[in-house]
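The structure appears right after this line, and notes come after that.
Predicted model only: the values in this text are computed from it and were never measured.
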Amino acid sequence: MITLEDVKKARERIFGRILRTPLLRVPALDPVLGCQVYLKPENLQLTGSFKIRGAMNAVLSLTEEEKEKGIVACSSGNHARGVACAARQCGVDAVIVMPVNCNPAKLAGVKSYGARVELVGTLGSEREARAEELMKEEGRVQIHPYGDDKVRAGQGTMALEILEDEPSMDTLVVPIGGGGLITGVATAAKGTKPQIRVIGMEPAGAPRYSLSRKEGKPVTLEKVDTIADGTRTDHAEPENFKAIERLVDELVTVEDEWIKKAMVTLAASAKIVAEPSSVMGIGAALAGTLPVKPEEKVCFVLSGGNNDLSQLAEVIAYDLSGSGKAGGSLH
């Protein structure tokens with residue numbers, strides 16, 4: 001498993017190549033979410049998500065021989081964009097394998113960096129299989145979205161920033177897709193401040209690690225169904241599962257209706273537009289299922305903001321119409 005030292009080395013390696021996003025204190029959300037609200041807005045990151053951190057660390061760690069062979073990555077979108085950006089910066093040829101139902105905004109973002117894109121299936125396992133084929137056929141090196149130590153360490157750099165900006169932070173609420181983000185963040189956070197609490201968030205339609213915790217072993221889901229497209233991985237990665245079991249205090253799931261409500265609430269109260277995967281913790285707080293207290297300093301990691309704008313418009317219209325089960329208005 002990665003260590004705090006690995007995360008610190010990653011920070012040195014990627015310094016100047018990514019943005020150091022701010023830590024935002026948002027008192028307007030305190031009474032709504034039931035805690036002292038802080039936001040880590042990775043939607044403001046260079047590629048619109050945290051994924052550039054891990055991708056950049058991984059690409060910069062390649063040997064010259066590996067750079068010559070080129071790289072391949074499989075992703076639903078944000079990792080794809082991060083790898084494509086890092087590859088362009090470092091002059092490395094990249095092929096990105098994305099799902100056929102990927103977010104159009106994320107697909108356009110990947111193509112804008114000049115990477116070759118292949119659209120394959122809808123499940124993470126299908127994309128990973130194609131990436132393996134490209135490694136054998138073309139000799140490429142894979143930059144895995146959540147199963148690579150360099151990627152995990154790079155993602156963890158945001159925790160160092162959070163605790164530098166607010167050393168008295170009590171709790172981090174972190175989205176979980178494949179598990180690389182929370183593994184890196186929890187490693188850095190617990191290594192820096194052992195008493196800090198880390199809560200992992202999953203959509204109810206893809207509760208890989210929540211079910212794995214119940215089963216006591218990594219599981220694979222038969223079906224994935226959620227608006228949170230950045231979390232549509234269908235299985236728990238073994239190493240990330242070990243780290244989550246060791247470092248993550250609680251796992252919480254949230255229904256899509258509350259994710260939609262969270263997107264609108266965040267836009268209205270914090271003036272921030274974030275994608276569905278980013279706001280799962282806020283959705284759980286709105287639903288009353290996130291275990292936080294009014295006096296608690298809680299940082300919600302907003303993992304990205306690469307929204308499908310037509311979907312965002314539908315979510316806002318749905319909320320304004322009063323049709324949503326979550327109810328409420330923009331005020």
Side-chain angles (χ1 to χ4, degrees), residues 1-11 13-14 18-24 38-45 49-58 78-79 82 144-202 208-209 228 230-231 233 236-237 239-252 274 277-282 284 290 292 297-304:
M1 292 186 186
I2 62 169
T3 65
L4 175 60
E5 189 59 31
D6 293 323
V7 179
K8 289 180 176 179
K9 288 180 180 178
R11 185 181 188 180
R13 192 175 290 119
I14 67 178
I18 66 155
L19 295 180
R20 189 191 191 287
T21 54
L23 180 67
L24 305 178
Y38 293 77
L39 303 175
K40 183 64 170 171
E42 287 292 295
N43 56 312
L44 303 180
Q45 193 52 261
S49 91
F50 75 95
K51 289 287 191 175
I52 185 64
R53 294 174 181 269
M56 188 65 73
N57 189 47
N78 282 334
H79 178 66
H144 197 279
Y146 52 85
D148 182 301
D149 279 346
K150 298 298 183 183
V151 170
R152 294 179 179 110
Q155 319 302 31
T157 58
M158 76 169 69
L160 301 181
E161 297 172 6
I162 292 169
L163 289 175
E164 282 177 357
D165 291 344
E166 183 48 74
S168 62
M169 191 68 68
D170 296 306
T171 301
L172 303 182
V173 180
V174 187
I176 302 178
L181 170 61
I182 197 165
T183 294
V185 167
T187 297
K190 295 281 190 178
T192 304
K193 185 178 181 180
Q195 70 271 33
I196 197 168
R197 191 163 61 121
V198 179
I199 299 176
M201 291 300 314
E202 291 188 295
R208 301 139 304 235
Y209 290 96
T231 69
T233 307
E237 200 279 336
E239 289 303 309
N240 291 338
F241 172 66
K242 291 177 185 177
I244 288 170
E245 287 301 277
R246 184 168 62 92
L247 299 170
V248 177
D249 300 281
E250 299 188 56
L251 295 175
V252 178
S277 303
S278 292
V279 301
M280 294 186 292
I282 293 172
L290 190 71
V292 294
K297 292 182 178 180
V298 180
C299 178
F300 295 84
V301 172
L302 302 181
S303 52

Closest non-hydrogen contact found for Ala188 with Leu160 is CB-CD2, 4.1 Å

One should read off an interatomic distance between Leu44 CG and Leu24 CG, to the nearest 0.5 angstrom, of 7.5 Å

Correct closest heavy-atom pair for Ala189 and Ala159 would be N-CB, 4.0 Å

In terms of heavy-atom contacts, Val252 and Ala284 come closest through CG1-CB, 4.1 Å

To the nearest 0.5 Å, atom CD1 of Ile14 lies from atom CE of Met56 at 8.0 Å

If you define the side chain from C-beta out and look only at heavy atoms, does anything of Thr192 sit under 4.5 Å from Glu164?
no

Pro175 and Val301, any side-chain heavy atoms less than 4.5 Å apart: yes

Contacts of Glu42 meeting side-chain hydrogen bond (donor to acceptor under 3.5 Å, both in side chains) (sequence neighbours excluded), chain-then-number -> Thr21, Gln45, Arg53

- Query: Ser303 and Ser278: side-chain donor and acceptor closer than 3.5 Å?
  - Reply: yes

CG of Asp148 to NZ of Lys150, rounded to nearest 0.5 Å, is 8.5 Å

Could you go through Leu172 and Met158, starting from their C-alpha distance and side-chain angles, then the distance that decides it, and tell me whether this counts as side chain to side chain contact (heavy atoms under 4.5 Å, CB included)? CA-CA 11 Å; Leu172 303 182; Met158 76 169 69; over 6 Å; no

By side-chain contact (heavy atoms from CB on, under 4.5 Å), Glu166 pairs with (sequence neighbours left out) Leu23, Tyr38, Ser168, Met169, Lys297

To the nearest 0.5 Å, atom CG of Leu181 lies from atom CZ of Phe50 at 4.0 Å

Output yes when a side-chain donor or acceptor of Asn240 lies under 3.5 Å from a complementary backbone atom of Gly178, and no otherwise. yes

**Asked** Charged N to carboxylate O under 4.0 angstrom, Asp6 versus Lys9?
**Response** no

Looking only at heavy atoms, the pair that brings Pro41 and Pro22 closest together is CD-O, 2.9 Å

Exercise for the section: Would you sort out whether Val292 and Asp170 count as a side chain to side chain contact (heavy atoms under 4.5 Å, CB included), showing the intermediate values? Expected result: CA-CA 10 Å; Val292 294; Asp170 296 306; over 6 Å; no

Answer yes or no: is there a donor N or O on one side and an acceptor on the other, between the side chain of Lys40 and the main chain of Cys299, under 3.5 Å?
no

_So does Gly179 get a backbone contact from the side chain of Arg152, meaning a donor-acceptor N/O pair under 3.5 Å?_
no

The reported gap from CD1 in Ile18 to CZ in Arg13 (rounded to nearest 0.5 angstrom) is 12.5 Å

Between Glu239 and Lys242, does any side-chain N to carboxylate O distance fall below 4.0 Å? yes

Sorted by chain and number, sequence neighbours left out, side-chain hydrogen bond (donor to acceptor under 3.5 Å, both in side chains) with Lys190 holds for Asp249

- Item | Ile162 and Val185, any side-chain heavy atoms less than 4.5 Å apart | no

task = Would you check if Val7 and Thr157 make a side-chain contact, meaning some heavy-atom pair closer than 4.5 Å?
result = yes

Problem set entry | From CA spacing to verdict: side chain to side chain contact (heavy atoms under 4.5 Å, CB included), Val298, Ile199 | CA-CA 10 Å; Val298 180; Ile199 299 176; over 6 Å; no

Checklist entry - Looking only at atom types and distance, does a side-chain atom of Tyr209 sit under 3.5 Å from a main-chain N or O of Met201, one as donor and one as acceptor? => result no

>> With a 4.5 Å cut-off on side-chain heavy atoms, are Leu247 and Val198 touching?
In response: no

Would Thr187 and Met1 count as a side chain to side chain contact (heavy atoms under 4.5 Å, CB included) here? Give the steps.
CA-CA 9 Å; Thr187 297; Met1 292 186 186; over 6 Å; no

May I ask you to say whether Glu161 pairs ionically with Arg11, meaning some side-chain N is under 4.0 Å from a carboxylate O?
no

- Query: Are the side chains of Phe300 and Met280 in touch, meaning some heavy atoms are under 4.5 Å apart?
  - Reply: no

Taken to the nearest 0.5 Å, the spacing of Ile52 CD1 from Leu19 CG works out to 9.5 Å

Checking Asn57 side chain against Ala153 main chain: does a donor-acceptor pair fall under 3.5 Å? no

For this session: Find out whether Gln155 and Thr183 are in side-chain contact, i.e. whether some heavy atom of one side chain is under 4.5 Å from a heavy atom of the other.
Result: no

Closest non-hydrogen atoms of Gly177 and Thr233, given as atom of the first, atom of the second and distance, are C-OG1, 4.0 Å

Tightest non-hydrogen contact, residues Gly200 and Ile176, listed as CA-CD1, 3.7 Å

